Peer 1: 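Quick one: structure below, then a few questions.
Side chains included, hydrogens not; waters and symmetry mates left out as well; all remaining heavy atoms used. Lettering of chains follows the sequences in order, A, B, ..., and the numbering in each one begins at 1. Since we're looking at a predicted model, the values are computed, not measured.
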Amino acid sequence: MKIFSVRWLLVLFVAAVFSLTGTVFAEPVPEIELITTTEAYDPIRYETAFMVAEGWEGLGFQVNVRPMEFSTILDRFYHEQDFDATILGWSGRVERLDPQHFLGTLHGDQADLGANNPGGYVNPDYDNLFEAQMREFDVDARRAMVLEMQAIAAKEAPLDVLYYRDEVNAYNHERFSNFVVMAGEAIYNEWTPLQVEPLTEKTVLTIGTPQEPDTINPLASTSVWGWKFMRLYYDKLVRLSPDIEPVPWAAEELIPVDDVTLDVIVRSGMLFHDGEPVTVEDVQFTFEYYIEKDFAYFRPFFAPIESVEIVDENTVRFHLKEPFAPLVTVTLSQLPILPKHVWADIENPADLTPDQIPTVGSGPFVFDRYDRGEYKRIVTFEDHFSAEDIKIDAVEYRVYADSEGVFTGLITGEIDMTAWRLEPGQIPLAEREEHITVVSVPDFGYYHLTYNLRREPFDDVAVRQALAHLVDKDTIITVLLEGRGEPGTSVIAPINAFWHNPDVVRYPYDPERAREILEEAGYRWDDEGRILFPGD
Amino acid sequence: MGMRGYILGRAVQILLTLWVILTLLFFLFRLGLPDPTLALISEGLSPEDRMLVAERFGLGRPLWQQYFIYLRNVMSGELGTSFHYKAPVAGIVGEKFLNTMVLMLPAILVAYGIGQLLGVLLAWKRGTRLEFTGGSLGLIFRSAPMFWTGMLFIMVFGISLGWFPTSGMRTLPYEATGFLDKIFTLDFLRHLFLPMLVIALYYAGLPMLIMRNTMLEVMGEDFIEFCKARGLSMRRIMYRHAARNALLPIVTQAAITVGLAVGGQVVVEVVFSWPGLGLEMLQAVRTSDYPLAQASFMLMAVMILILNFATDLVYGKLDPRVVYS
Amino acid sequence: MRFDALRVLWQTIRQDRLALFGVVVLCCLIVIALFAPLVATHDPTAMNHRVEGTVFWYRDGEWLIQESVGEWTLNAVAFFDEENAIAVGNHGEVLQYSAGSWEREEVPTTAQLHGVAFREDLVVVVGEKGTILEKRAGAWVKVHAPVDADLFAVSLAPGSRKALVAGAGGTVLRRRNDIWEKLETGAAEDLLAVSLPAEETGFIVGRRNVILHYDGENLHRQMVMGFRDLYDVHAPAENQALAVGERGTILYFTGNSWSTMYGPEARDLRGVRLTGEDTAVAVGSHGVILRLQDGQWTREDTGYRRHLRGMDAYEGMLIASGTDPYVNSLARPSQEHWFGTTHLGRDIYSQVVYGSRAALLVGFLAAIMVAVIGTNVGLFAGYFKGRVDGLLMRVVDIMYALPLEPFAMILVLLTRPGLAIIIFAVGLLTWRTTARIIRSQVLSLAARPFVKAAKVAGASDLRILYIHIAPNILPLAFLQLAVSVAFAITAEATLSFLGLGPPRIYSWGTILHEARLSGAWRTAWWWIIPPGVLIMITVVSVFFISRALEVLTNPRLGKR
């Protein structure tokens with residue numbers, strides 16, 4: 001009797017275990033919410049999301065595509081990390097050619113709220129390499145580590161790099177020649193105004209854009225559009241050449257003293273636009289002012305600086321807290337030189353109203369006027385050391401409501417060049433115009449589909465790899481981008497050839513392979529084709 | 001109660017309505033829209049940095065405190081600073097409002113001018129083929145969405161024929177010392193023409209029909225017969241005497257239209273890139289720039305309320321039968 | 001009594017030709033909306049592809065395009081002389097050009113064919129899974145290949161029967177003395193193109209920048225910087241070669257080393273031929289054609305966007321073939337697509353058909369909401385007067401102060417784009433007019449004797465309201481309903497045009513929204529006219545109906 005009951009208990013227990021595992025076994029993979037931009041914000045990303053969803057649904061995933069306003073996406077993605085999968089992009093700003101920034105987006109330390117790794121990928125091996133490459137001054141050794149990090153990231157697929165989209169600009173070749181083409185910035189870069197040559201009587205270069213600076217306050221602007229404008233009337237110690245090599249600009253020479261000290265000899269004879277000379281005091285003031293006001297947008301640039309010291313009337317010395325490889329390429333090429341006599345008395349620069357913002361720089365152009373929402377103009381500064389090489393008298397910017405307006409302006413000859421990419425639909429129309437040259441430049445930024453690794457099923461590397469195999473990137477490129485782009489492989493784009501790892505593992509569109517991967521990992525499908533978690 | 005009492009009562013009413021709208025707006029925006037510090041800060045700032053920005057814009061406090069601060073600010077005309085422009089909202093909204101009005105007022109004027117004349121004509125020629133086609137055409141123009149006619153006009157008159165510019169208010173760059181200087185130019189008129197035409201065509205249908213209908217009513221009345229008996233010409237009777245009597249409902253409708261026009265026709269502003277209040281508000285909402293969106297919305301509401309009020313007063317002046325109570 | 005009202009309604013409409021027209025149009029639309037999947041010819045979201053064999057000729061200084069030469073993609077093409085050429089493609093397609101026309105050849109395979117080489121007495125065709133065909137003495141023979149890898153390209157040495165074939169996974173085959181043999185390459189990448197300027201020399205290129213040099217006996221890998229896939233190579237002489245590939249890559253070889261050339265194109269280049277000492281032509285995806293002259297590559301535009309895959313040259317003449325499945329974008333109206341296609345090859349007719357659903361759904365639901373709220377508020381305010389009236393009219397005042405489009409924008413952005421929110425926004429904001437109009441009518445009705453009589457008879461307020469007063473305002477309510485329908489349809493189109501409509505659900509406004517976003521609307525009239533016309537017809541139909549109803553509520557208008 002006793003044995004009998006024990007046996008019964010055993011049977012019950014086994015049955016219970018079975019039923020439990022049975023229910024676990026039957027648990028379907030939850031619906032995936034795929035966040036993307038609205039169609040109006042970016043038609044490409046919008047369509048891409050639906051193509052991705054279609055691919056995933058082919059293997060029994062339930063996908064719900066949610067187009068959202070851009071600010072909402074940033075909120076959900078960075079601030080709340082409340083997402084399953086999100087399609088976003090990183091723009092290819094020049095200072096991001098250094099692999100530091102993009103590799104950092106997968107660093108474990110950046111996985112907390114608000115930081116750059118919202119997907120939450122954490123891999124100690126990767127993190128160790130990241131720390132090591134940052135301090136490595138030998139370029140080849142650093143490159144080896146950077147390549148390895150890309151290989152790790154590609155294998156573990158914490159995100160799917162979808163595509164690199166070419167920046168397509170256009171200009172009127174009947175009016176101007178000698179446009180400078182630069183990776184990531186196409187023709188709207190800081191060299192074009194310095195080098196274009198007028199072919200007609202028109203010596204004012206007219207640029208059309210739908211984008212506006214958020215402000216032209218060098219201590220408040222946090223947008224590319226503000227800085228792309230300001231950098232023409234402010235000088236920087238270093239400018240990055242069209243080949244993205246640092247060339248001394250307002251600096252005459254850069255003399256590294258040791259790993260943490262750099263001497264900068266400031267070019268002599270420069271003047272601010274109000275006639276005052278540019279001195280080492282101004283340079284020292286600028287950096288100290290930015291550090292003192294703690295301008296957050298530039299903080300990564302000036303954070304490694306311990307102090308700036310005046311050595312003699314032409315030399316300033318930068319003391320660093322620790323070795324910082326990108327000091328010259330990033331910090332010195334980004335911070336503008338501000339006139340001390342103008343800014344020294346301004347206590348709260350961020351609070352300046354638009355009409356109080358000083359516009360005195362020492363750059364090759366002089367700020368002339370700015371009508372918000374409509375028009376900007378800068379004129380050539382005759383006393384600048386580069387003035388002799390500048391062939392135009394002024395640069396003017398017309399602001400349009402959207403890229404449609406810019407396009408019309410281009411066709412009708414209202415503007416000489418665009419500062420904003422043409423949409424795929426506009427490109428063939430522009431190419432057909434006699435007076436227009438279309439320039440297409442690969443970008444080193446990338447568009448990515450980032451999974452939330454804290455959530456099921458994305459915590460499983462097999463699922464991530466399988467999902468990557470289900471995205472038909474070639475169609476995205478040929479159809480949506482009309483061939484002007486490239487399927488993504490790594491967070492460092494192929495155009496960034498030195499740092500790019502061309503041999504990382506790839507995930508070609510292959511639903512069969514995806515199914516195999518999932519089957520190997522134990523995933524099953526129910527009668528309706530819905531994918532189920534592995535049970536045993 | 002006399003006129004003064006009536007005005008006072010209405011003013012209180014308007015204020016109450018405004019308060020309700022303000023409250024509604026505040027909660028809609030604060031509860032529904034994402035954290036604006038995000039739209040403002042480029043990608044990749046640390047949480048501490050964002051706190052600083054939030055502090056600057058007073059977003060750190062409890063909601064109810066924000067509400068009272070908000071009400072107080074609105075009372076004192078302090079509309080806040082646009083997150084996007086980093087400039088006072090009042091100036092931006094004011095300028096955009098003027099831009100909208102210089103588009104909408106001429107458009108409505110033209111629409112009502114043409115619409116009334118045609119309406120009289122239709123009533124006069126009632127029962128004829130002219131009335132039939134005229135009436136149908138009016139309805140057809142009223143049925144075609146403005147963004148669509150706008151696109152067609154741009155396609156035909158802007159791009160194919162190249163007669164008119166297709167976007168903006170002025171050819172850039174231009175020198176203008178003030179707003180009036182900016183709009184009293186031929187260039188402005190050229191820019192104005194297409195969008196104005198689109199709006200006018202859309203709006204003309206309504207006054208035309210109202211005019212026709214009221215005219216038909218008026219024409220049945222005795223004094224018309226009296227005029228006829230006096231041997232006045234039909235044209236004179238129609239346009240001088242009958243039409244005057246039909247003016248009342250037209251004025252009412254016109255005022256309501258103007259009130260609603262404050263928001264601008266967002267779609268027309270979008271299609272023609274007209275830098276008006278509607279377009280600005282669309283942008284503001286999209287980028288969670290809620291001081292700007294709130295102020296725009298508020299301005300629209302205030303204008304509508306005031307114009308409705310004005311209509312009532314004008315109504316009284318035109319029609320002595322109305323007694324204020 | 002209610003039935004009477006409806007009957008009167010119908011009588012009125014029947015008498016008015018225009019109103020009748022409106023009713024007919026609306027009924028048609030309702031049928032279309034209900035049976036949209038049957039009426040539509042395509043899936044409105046599908047990007048419609050086309051596959052065709054296309055041949056581009058360059059003769060006497062201009063490009064001639066033969067759009068449909070066969071029904072399959074033509075992967076490769078080879079000239080023999082001015083009058084003779086051959087093209088091969090998928091599904092065993094082999095087309096021979098002679099005496100001015102293309103003829104399909106019967107061949108013993110249906111495999112995908114990737115490469116072709118043409119000599120007077122010998123044609124060699126290669127394709128997937130080790131397919132090799134030879135045409136000797138006018139007859140096609142299937143040759144047994146020593147591998148079963150996919151073969152991508154073949155080249156015959158001039159004046160000789162010696163050939164090299166490049167294939168998947170580093171495969172290279174050699175034809176020597178009429179026998180096929182496999183060569184050791186040491187490469188594992190797919191080899192995609194081969195060019196033999198002479199029996200003893202040649203180049204093979206492939207994925208990941210692989211370049212192999214053939215010295216008559218063996219293959220040697222040449223070290224070249226880069227990692228791009230190379231799709232074609234052409235070597236007219238042993239010390240001159242051009243290779244093209246992925247992302248506009250162009251490499252040239254002079255004697256002993258390869259260097260990079262910069263072209264104006266960032267898209268894939270798939271074919272290249274040197275046409276003279278220092279002139280060349282390259283073709284690629286999306287109809288890209290580049291010409292090298294005076295050391296400069298320039299783009300040539302034929303206006304075609306079809307992908308080109310293979311090319312060959314003969315004494316100043318060029319021939320290029322395609323095309324991959326291409327999206328039939330921005331096609332004008334045709335039998336296949338009645339209203340043409342969008343920039344992504346979507347069928348506009350089907351979108352317009354499905355669009356009727358959104359318009360009618362929003363139109364009627366919002367209008368019913370407006371009519372129900374508006375009529376009831378009007379009834380209550382007009383009947384009870386006093387405080388109830390005051391309160392309700394204050395709410396109406398508030399509603400009047402809210403501009404519709406901005407308010408709807410906020411609502412949509414607070415929640416998510418969708419038809420429900422549009423219905424809600426329109427319904428919530430536009431009952432105000434109905435309420436006012438009904439109220440004034442009720443005010444006068446309430447003073448009428450029959451209401452007083454009912455009150456004396458002891459009827460409850462609600463009973464009086466709904467049994468005695470309501471039927472009398474029914475015509476007015478219907479009129480307001482019709483006006484609201486028109487308004488709601490326009491509002492839906494407007495909001496969708498602003499991009500506030502639900503994703504992937506086509507409405508007429510959404511179609512126009514996409515047309516504008518794409519930038520193609522300035523030329524693609526077929527894209528913007530149909531949805532606009534439909535909005536117009538629908539709204540005007542409703543107006544016609546409402547005008548007939550107006551006569552009912554205000555009989556003096558009917559005097560004609």
Peer 1: How close do Val270(B) and Arg516(C) get, counting heavy atoms only, and between which atoms?
Peer 2: O-NH2, 3.4 Å

Peer 1: At a 4.5 Å cut-off on heavy atoms, which part of Val271(B) comes close to chain C: side chain, backbone, both, or neither?
Peer 2: both

Peer 1: What part of Leu500(C) gets within 4.5 angstrom of chain B, counting heavy atoms only: side chain, backbone, both, or neither?
Peer 2: side chain

Peer 1: Would you say CZ of Phe424(C) has more than 12 non-hydrogen atoms from neighbouring residues, nucleotides or ligands within 6.0 angstrom?
Peer 2: no

Peer 1: Report yes if the side chains of Ser143(B) and Phe543(C) come closer than 4.5 Å at any heavy-atom pair, otherwise no.
Peer 2: yes

Peer 1: Kindly compute the distance separating CZ (Phe497(C)) from CE (Met146(B)), expressed to the nearest 0.5 Å.
Peer 2: 11.5 Å

Peer 1: Got a second to check how far Leu18(C)'s CG is from Leu139(B)'s CG, nearest 0.5 Å?
Peer 2: 8.5 Å

Peer 1: Run Val20(B) and Arg394(C) through side-chain contact (heavy atoms from CB on, under 4.5 Å) and show every step you take.
Peer 2: CA-CA 11 Å; Val20(B) 173; Arg394(C) 288 301 75 73; over 6 Å; no

Peer 1: Would a 4.5 Å heavy-atom cut-off, applied to side chains only, mark Trp148(B) and Val533(C) as touching?
Peer 2: yes

Peer 1: So which atom in Phe147(B) and which in Leu512(C) form the shortest heavy-atom distance, rounded to 0.1 Å?
Peer 2: CE1-CD1, 3.4 Å

Peer 1: How long is the gap from CD1 on Ile21(B) to CG on Leu402(C), to the nearest 0.5 Å?
Peer 2: 5.0 Å

Peer 1: Does CZ belonging to Phe141(B) count more than 12 external heavy atoms closer than 6.0 Å?
Peer 2: no

Peer 1: Relative to chain C, which segment of Leu18(B) carries a heavy atom at a distance below 4.5 Å: side chain, backbone, both, or neither?
Peer 2: neither

Peer 1: With Arg436(C), which residues qualify under side chain to side chain donor-acceptor pair (under 3.5 Å), at least two apart?
Peer 2: Asp397(C)

Peer 1: Where does Ile154(B) contact chain C at under 4.5 Å (heavy atoms): side chain, backbone, both or neither?
Peer 2: side chain

Peer 1: At a heavy-atom separation under 4.5 Å, does Ile529(C) approach chain B through its side chain, its backbone, both, or neither?
Peer 2: both

Peer 1: Can you list the residues of residues 480-493 of chain C that sit under 4.5 Å from chain B, counting heavy atoms only?
Peer 2: Thr490(C), Ala493(C)

Peer 1: Using non-hydrogen atoms only, which part of Ile140(B) is less than 4.5 Å away from chain C: side chain, backbone, both, or neither?
Peer 2: both

Peer 1: What part of Trp525(C) is in contact with chain B, defined as an atom under 4.5 angstrom from a non-hydrogen atom: side chain, backbone, both or neither?
Peer 2: both

